[in-house]
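The structure appears right after this line, and notes come after that.
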Amino acid sequence: MKSLKIKLAVIAFFLVVGSVSAGVQKSSGDCIKLKDCTTQTGTCVTKLTVEQRAIIDDLRADYQEAIDLLRIELQSTSNLAEKIILRAEMVDLRNEFLAEVQSLLEEWGVK
């Protein structure tokens, strides 16, 4: 029974790691992927003003600070169950950030 719990915990861990890795690969770079966004020589051209970019950058910095704190906590623990929980919190924070950015873009009329 104990080995089954360990196997399930390891499987759950790899599922969380896989979803975090896929999310990081999907959202890498500083371009906000939009339907009308064009890529030219590695940079993204959007309809955002300097002020709008600053708002998103500030929001990104706030979320990144929270992610960094979770990452430090994740690296300091050796408990597998705690690591799984911390990784899930990191994914939730990332999704919350993306939803907030999407909400701002919709508010600004950028889709």
Side-chain angles (χ1 to χ4, degrees):
M1 188 69 177
K2 187 174 184 178
S3 67
L4 177 63
K5 287 182 181 179
I6 292 173
K7 288 178 184 178
L8 288 175
V10 169
I11 290 170
F13 175 77
F14 285 114
L15 287 173
V16 170
V17 169
S19 67
V20 169
S21 298
V24 168
Q25 290 173 356
K26 184 178 175 184
S27 66
S28 62
D30 8 284
C31 177
I32 299 169
K33 303 296 182 197
L34 305 171
K35 292 177 185 169
D36 61 349
C37 177
T38 59
T39 303
Q40 299 173 341
T41 63
T43 60
C44 182
V45 179
T46 64
K47 300 175 184 175
L48 297 180
T49 65
V50 173
E51 294 83 16
Q52 290 169 333
R53 286 183 187 270
I55 290 170
I56 290 177
D57 287 343
D58 290 343
L59 188 62
R60 180 183 296 125
D62 291 343
Y63 275 95
Q64 189 59 49
E65 185 177 318
I67 291 287
D68 290 344
L69 291 174
L70 286 172
R71 185 173 292 120
I72 290 168
E73 192 175 344
L74 178 72
Q75 292 169 347
S76 68
T77 185
S78 61
N79 184 327
L80 184 59
E82 286 180 28
K83 285 183 181 271
I84 292 170
I85 292 168
L86 289 169
R87 287 196 185 270
E89 288 178 29
M90 290 170 74
V91 169
D92 290 343
L93 268 176
R94 179 188 155 273
N95 291 338
E96 185 180 311
F97 165 72
L98 293 175
E100 202 164 334
V101 168
Q102 188 62 41
S103 172
L104 285 171
L105 294 175
E106 289 172 5
E107 179 183 320
W108 295 331
V110 180
K111 296 179 183 179

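Residues meeting the side chain to side chain donor-acceptor pair (under 3.5 Å) test with D57, sequence neighbours left out: R60. By the side chain to side chain donor-acceptor pair (under 3.5 Å) test, Q64 pairs with D68, sequence neighbours left out. For E100, the side chain to side chain donor-acceptor pair (under 3.5 Å) criterion is met by Y63, not counting sequence neighbours. In terms of the side chain to side chain contact (heavy atoms under 4.5 Å, CB included) criterion, D58 has no residue partners (sequence neighbours excluded). Shown here are the side chain to side chain donor-acceptor pair (under 3.5 Å) partners of E51, two or more places apart in sequence or in another chain: T49.
One finds the CD atom of E89 at 10.0 Å from the CG atom of L74 (value rounded to the nearest 0.5 Å). Taken from CG in L59 to CD in E96, the straight-line distance is 9.0 Å, to the nearest 0.5 Å. E65 CD to L93 CG: the interatomic distance, rounded to the nearest 0.5 Å, is 11.5 Å. The distance from atom CD1 of I67 to atom CG of D62, rounded to the nearest 0.5 Å, is 12.0 Å.
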Would V101 and F97 satisfy side-chain contact (heavy atoms from CB on, under 4.5 Å), going step by step from the backbone distance to the final call?
CA-CA 6 Å; V101 168; F97 165 72; 3.5 Å; yes
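Looking only at side-chain heavy atoms (C-beta outward), L48 and L105 come within less than 4.5 Å of each other. Residues L80 and I84 are in side-chain contact: their nearest non-hydrogen atoms beyond the backbone lie under 4.5 Å apart.
Tracing side-chain contacts under 4.5 Å through hydrophobic residues (I, L, V, M, F, W, Y), one never reaches L70 starting from I85; they form parts of separate clusters.
Smallest separation of non-hydrogen atoms from E82 and T77: OE1-OG1, 3.0 Å.
Applying the ring-ring contact (aromatic ring centres under 6.0 Å, His included) rule to pairs touching residues 64-89 yields nothing, sequence neighbours excluded.
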